[in-house]
> 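Right, I'll just put the structure down here and ask away after.
Sequence lines set the chain letters: A, B, ... in the order given, protein chains first and strands last, and positions in each chain run from 1.
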Number of protein chains: 2
Amino acid sequence: MDFVNELRKRGNRITNAREVVCKILETSGHEHFTVEELHKLALKKDKSIDLATVYRTLELLENINLIEHSHQAHGSGLYFLKEAYSNIHIVCESCDDIADLDQATSKKVNKLIKNKTDFKEITNHFVYTGLCKKC
Amino acid sequence: MDFVNELRKRGNRITNAREVVCKILETSGHEHFTVEELHKLALKKDKSIDLATVYRTLELLENINLIEHSHQAHGSGLYFLKEAYSNIHIVCESCDDIADLDQATSKKVNKLIKNKTDFKEITNHFVYTGLCKKC
DNA sequence: TTTACTGCAAACGCTTTGCACCCAC
DNA sequence: GTGGGTGCAAAGCGTTTGCAGTAAA
């Protein structure tokens, strides 16, 4: 998956800020990022990149379905690569560890909820919170 | 359940702001409130009650386990009476309708997640988002 | 050359906090 | 009388926006 190429295909301009952010997302090996983390990493490559630009780039990538974002109870939003995204993520309240649920289980959870309510679709944009075994 | 009495038992002072907020929570028949809703209702009974006081009162009531609050993707926090609280709530993205999952299903969902991760507890403080059948 | 994109700064919405006053105990 | 609680105003936080300048096409 080449994020920059996807942008080019869509007719978006390839700016340095976009190249830097895309490269971090694709090559850092992380599955999830807070906006500040991402911004901090971007600043290492180009110290003029603004936080607003990071937000705008993430919004763009989310619109193309390359990434997805969730909200946390405290602190900033969490961005996930779409390929690694499995619908449900759990953050440990104590150590901030993140576990990702496999797609099958995520689907099972959503089906269970749909069956018990009059909702036809679950578009859950949240991370769960919990306590992992270590904590 | 008498919220005011609970406060008295704990040695908290019974002020007018607290009486007003407690009465709204207990007698309005709603199961959930946004902070602004609650504040607006409180102002009808005493137009000097401050938003900050509403927040402080809600925090107090949450500490005593009489209410619970969740976060929404957009807009303010959502407060629930503890007795009506069933762990999982879904807000329709389109019409803002809220559905509450029954406790048994909520437990089932949480158990499913626990079995598939190394989390020992789910302390999920979020509302789900989705689309209800009407929308 | 054109205009999409940028950095900057300011504004946003929700929530929390500092502080001096006040009133429940 | 005392200190817990209040209203008020300001600050906090993550995020969004307006704008004039810049650089990708």
Side-chain angles (χ1 to χ4, degrees), chain A residues 3-22 32-40 42-64 67-79 91 96 125-127, chain B residues 3-22 32-40 42-64 67-79 91 96 125-127:
Chain A
F3 286 16
V4 170
N5 240 7
E6 287 300 314
L7 291 177
R8 212 188 310 272
K9 264 198 247 169
R10 282 181 24 113
N12 292 298
R13 292 194 181 163
I14 309 308
T15 63
N16 191 53
R18 287 183 177 169
E19 277 189 326
V20 167
V21 170
C22 287
H32 33 74
F33 303 84
T34 66
V35 186
E36 308 102 74
E37 271 167 18
L38 205 40
H39 184 219
K40 218 175 271 179
L43 284 177
K44 283 186 189 167
K45 303 209 178 160
D46 177 347
K47 64 181 188 314
S48 78
I49 294 178
D50 195 76
L51 184 57
T53 302
V54 174
Y55 272 106
R56 286 188 277 230
T57 303
L58 290 172
E59 191 191 5
L60 176 60
L61 294 174
E62 188 160 26
N63 286 340
I64 320 177
I67 61 175
E68 180 114 8
H69 90 280
S70 298
H71 300 270
Q72 297 189 89
H74 302 291
S76 76
L78 224 41
Y79 285 79
V91 182
D96 278 346
H125 294 307
F126 288 101
V127 291
Chain B
F3 285 17
V4 170
N5 239 8
E6 286 301 314
L7 291 177
R8 212 188 310 272
K9 264 197 247 167
R10 281 181 25 114
N12 293 299
R13 293 197 182 162
I14 310 306
T15 64
N16 190 53
R18 287 183 176 169
E19 277 190 326
V20 167
V21 170
C22 288
H32 33 74
F33 303 83
T34 64
V35 186
E36 308 103 73
E37 272 168 15
L38 205 40
H39 184 218
K40 218 175 271 180
L43 285 177
K44 283 186 189 168
K45 304 211 180 161
D46 177 346
K47 64 182 188 315
S48 77
I49 294 178
D50 195 77
L51 184 57
T53 303
V54 174
Y55 273 106
R56 287 188 276 230
T57 303
L58 289 172
E59 191 191 6
L60 176 59
L61 293 174
E62 188 160 26
N63 286 342
I64 319 176
I67 61 176
E68 181 113 8
H69 89 282
S70 298
H71 300 270
Q72 297 189 88
H74 302 291
S76 75
L78 223 41
Y79 285 80
V91 182
D96 279 347
H125 292 308
F126 288 101
V127 291

> So which one's nearest nucleotide on DNA chain C is more toward 5', A:Ile14 or B:Val35?
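Taking each residue's closest nucleotide, the earlier one in sequence belongs to A:Ile14.
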
> Under the salt bridge (charged side-chain N to carboxylate O under 4.0 Å, His left out) test, which residues partner A:Lys44, sequence neighbours left out?
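For A:Lys44, no residue satisfies salt bridge (charged side-chain N to carboxylate O under 4.0 Å, His left out) once neighbours in sequence are set aside.
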
> First and last nucleotide of DNA chain D touching chain B, 5' to 3', heavy-atom cut-off 4.0 Å?
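That gives a stretch of D:dG3 to D:dC8.
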
> Round to the nearest Å and state the distance from B:Arg10 atom CZ to C:dA24 atom C1'.
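The distance from CZ of B:Arg10 to C1' of C:dA24 comes to 16 Å, rounded to the nearest Å.
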
> Under 3.5 Å, sequence neighbours excluded: what are the donor-acceptor pairs made by side chains of residues 51-61 of chain A?
| from | atom 1 | to | atom 2 | distance (Å) |
| --- | --- | --- | --- | --- |
| A:Thr57 | OG1 | A:Thr53 | O | 2.8 |

> Give a yes or no answer on whether the side chain of B:His71 reaches the backbone of A:His74 with a donor-acceptor pair at less than 3.5 Å.
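Answer holds: no.
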
> With sequence neighbours excluded, what pairs up with B:Lys47 under the salt bridge (charged side-chain N to carboxylate O under 4.0 Å, His left out) test?
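Listed in chain order: nothing, the list is empty.
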
> Taking it one step at a time, do A:Leu7 and A:Cys22 satisfy side-chain contact (heavy atoms from CB on, under 4.5 Å)?
CA-CA 10 Å; A:Leu7 291 177; A:Cys22 287; 4.1 Å; yes

> Please write out the pairs of protein N or O atoms and N or O atoms of nucleotides 6-13 of chain C separated by less than 3.5 Å, giving the distance to one decimal.
| from | atom 1 | to | atom 2 | distance (Å) |
| --- | --- | --- | --- | --- |
| C:dT6 | OP1 | A:Thr15 | OG1 | 2.6 |
| C:dG7 | OP1 | A:Ser48 | O | 3.1 |
| C:dG7 | OP2 | A:Asp50 | N | 3.3 |
| C:dG7 | OP2 | A:Thr53 | OG1 | 2.1 |
| C:dG7 | O5' | A:Ser48 | O | 3.4 |
| C:dG7 | N7 | A:Arg56 | NH2 | 3.0 |
| C:dG7 | O6 | A:Arg56 | NH2 | 3.2 |

> Determine the minimum heavy-atom distance between B:Arg13 and B:Arg18, stating which atoms define it.
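Answer, listing the atom of B:Arg13 first, then B:Arg18: O-NH1, 3.0 Å.
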
> Look at the aromatic rings of A:Tyr79 and A:His69 and report parallel, tilted or perpendicular, splitting at 30° and 60°.
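Parallel, since the angle between the ring planes stays under 30°.
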
> Output all residues satisfying side chain to side chain contact (heavy atoms under 4.5 Å, CB included) with B:Lys40, sequence neighbours left out; order by chain, then residue number.
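Testing B:Lys40 for side chain to side chain contact (heavy atoms under 4.5 Å, CB included), a comparison that skips the adjacent residues, returns none.
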
